[in-house]
Amino acid sequence: MRPIFLVGFMGSGKTTVGKHLAQKLGLTFCDLDQFIEEKQEKSIPEIFAEAGEDAFRIAERNALKEVAIRTDCVISTGGGTPCFFDNMALMNASGTTIYLNTSIKELVHRLHYKGNKRPLLQGKDENQLHDYIAQALLKREAFYNQAQIKILADDTNATINRLTMIL
Ligand code: S3P
């Protein structure tokens with residue numbers, strides 16, 4: 001079976017949903033950020049700080065190409081993965097793509113209250129976080145919406161159950 005790719009904004013639940021989904025479907029789970037961190041032996045914040053975002057996007061693209069040829073797995077991608085190079089087309093051609101569509105309100109709540117180590121969100125208070133997410137989503141949704149399956153994902157448990165039934 002070809003891979004299942006989860007796409008969506010930071011905090012949309014890709015990792016949590018991906019782990020549960022993989023377990024329920026008897027597939028392996030792969031987190032693209034973790035794959036990059038293990039390959040580079042550096043954390044994502046370290047890669048951003050030392051090499052910059054452009055270098056991170058190239059590493060992300062290369063990592064995506066490597067994992068896209070795997071079988072029987074659920075892959076959670078980074079929030080920006082679909083929005084660079086032709087990554088979304090690559091994922092659509094390689095397997096099943098699912099957009100976890102989470103509301104701005106829920107994203108702000110999750111990213112603000114649960115804390116974060118995400119370089120793109122560093123130093124933002126709740127209002128700044130809201131504005132950043134709203135603006136970034138405007139640009140990013142055009143990519144996320146190219147996914148083959150789109151699912152409202154404010155309720156993580158319901159999302160896992162619905163996806164388990166669909167897939
Ligand atoms: C990013 C999202 C992060 C990570 C990096 C950049 C983005 O992944 O890849 O910090 O551009 O939205 P998560 O969506 O897993 O937080």
Side-chain angles (χ1 to χ4, degrees), residues 1-22 25 27-40 44-45 47-48 51-104 106-108 110-111 116-121 129 131-154 156 159-160 162-167:
M1 182 186 158
R2 300 196 310 160
I4 296 166
F5 297 94
L6 297 180
V7 304
F9 206 77
M10 292 173 263
S12 59
K14 301 178 297 279
T15 303
T16 308
V17 172
K19 279 184 184 162
H20 283 88
L21 203 58
L25 298 174
L27 304 170
T28 56
F29 173 71
C30 169
D31 181 274
L32 193 65
D33 279 340
Q34 201 183 327
F35 182 82
I36 297 165
E37 289 182 327
E38 283 165 10
K39 262 189 110 68
Q40 301 224 351
I44 301 293
I47 301 170
F48 266 75
E53 181 173 351
D54 289 354
F56 171 75
R57 296 302 172 192
I58 292 169
E60 180 178 54
R61 163 68 175 176
N62 292 333
L64 183 65
K65 275 199 214 159
E66 273 191 58
V67 299
I69 53 173
R70 291 184 178 181
T71 52
D72 300 318
C73 60
V74 178
I75 299 166
S76 76
T77 63
T81 310
C83 316
F84 292 85
F85 307 102
D86 62 344
N87 289 347
M88 198 65 218
L90 173 71
M91 290 189 273
N92 274 330
S94 306
T96 305
T97 49
I98 301 170
Y99 170 30
L100 300 186
N101 184 353
T102 310
S103 68
I104 296 176
E106 182 65 20
L107 291 174
V108 173
R110 290 184 193 173
L111 293 168
N116 70 76
K117 292 186 189 138
R118 290 155 166 117
L120 297 174
L121 305 180
L129 198 54
D131 292 350
Y132 174 79
I133 293 171
Q135 276 188 9
L137 261 180
L138 268 184
K139 291 186 211 139
R140 288 185 168 191
E141 267 182 335
F143 297 95
Y144 298 152
N145 276 323
Q146 291 170 34
Q148 293 146 1
I149 297 170
K150 302 165 194 77
I151 188 156
L152 295 175
D154 277 7
T156 304
T159 306
I160 294 163
R162 263 183 292 146
L163 284 174
T164 310
M165 287 196 297
I166 293 170
L167 293 164

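Sequential numbering from 1 along the given sequence is applied to the chain's residues.
To the nearest 0.5 angstrom, Thr96 atom OG1 is 11.5 Å from Ile166 atom CD1. Here the straight-line distance linking atom CG of Leu111 with atom CG of Leu121 works out to 5.5 Å at 0.5 Å rounding. Here CD of Gln34 is found 10.5 Å from CG of Leu32. Values are rounded to the nearest 0.5 Å. A distance of 6.5 Å separates OG1 in Thr159 from CG in Leu163, rounded to the nearest 0.5 Å. Atoms CG and NZ, from Leu100 and Lys150 in turn, are 12.5 Å apart once rounded to the nearest 0.5 Å. A distance of 12.0 Å separates CZ of Arg162 from CD1 of Ile149, quoted to the nearest 0.5 Å.
Tyr99 places no side-chain N or O within donor-acceptor distance of the main-chain N or O of Phe143, the cut-off being under 3.5 Å. Under the 3.5 Å distance criterion, the side-chain polar atoms of Gln146 are matched with a main-chain donor or acceptor of Ala142. Side chain of Lys14 to backbone of Ile75: no donor-acceptor contact under 3.5 angstrom is found. Between the side chain of Asp154 and the backbone N or O of Ser103 there is at least one donor-acceptor pair closer than 3.5 Å.
In this view, Phe56 and Phe48 satisfy the ring pair (Phe, Tyr, Trp, His ring centres under 6.0 Å) rule, not counting sequence neighbours.
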Let me see the working for Thr164 and His20 under side chain to side chain contact (heavy atoms under 4.5 Å, CB included), right down to the final yes or no. CA-CA 9 Å; Thr164 310; His20 283 88; over 6 Å; no
Working note: Phe29 + Thr15, criterion side chain to side chain contact (heavy atoms under 4.5 Å, CB included); need CA distance, chi angles, decisive distance, verdict. CA-CA 9 Å; Phe29 173 71; Thr15 303; 4.0 Å; yes
Begin with the C-alpha distance, continue with both residues' side-chain angles, and end with the deciding distance and a verdict on side chain to side chain contact (heavy atoms under 4.5 Å, CB included) for Leu27 and Met1. CA-CA 9 Å; Leu27 304 170; Met1 182 186 158; 4.0 Å; yes
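Between Pro119 and Pro45 the shortest heavy-atom distance is CG-CA, 3.9 Å. Closest non-hydrogen pair, Tyr144 versus Gly79, comes out as OH-O, 2.5 Å. The minimum heavy-atom distance linking Ser12 with Leu107 is given by the pair N-CD2, 3.8 Å. Heavy-atom minimum distance, Leu120 versus Arg140: CD1-NH2, 4.1 Å. Considering every non-hydrogen atom in both Ala22 and Thr28, the closest pair reads CB-O, 3.8 Å. Across Gly95 and Phe5, no two heavy atoms sit closer than the pair N-CE1, 3.9 Å.
Around the NZ atom of Lys19, the shell of radius 6.0 Å holds no more than 12 heavy atoms that belong to other residues, nucleotides or ligands. Within a 6.0 Å sphere centred on CD1 of Ile69, heavy atoms belonging to other residues, nucleotides or ligands number 12 at most.
In this structure the side chain of Thr77 never reaches within 4.5 angstrom of the side chain of Asn87, judged on heavy atoms. Contact check for Pro82 versus Met91: side-chain heavy atoms found under the 4.5 Å cut-off. In this structure, Val17 and Thr156 have side chains that are in contact, with non-hydrogen atoms separated by less than 4.5 Å. Side-chain contact between Phe85 and Lys65 is absent, with no heavy atoms from C-beta onward closer than 4.5 Å. The shortest side-chain heavy-atom distance between Thr102 and Phe9 does not fall under the 4.5 Å cut-off. Within the 4.5 Å cutoff, the side chain of Met88 has heavy atoms near those of the Asn92 side chain.
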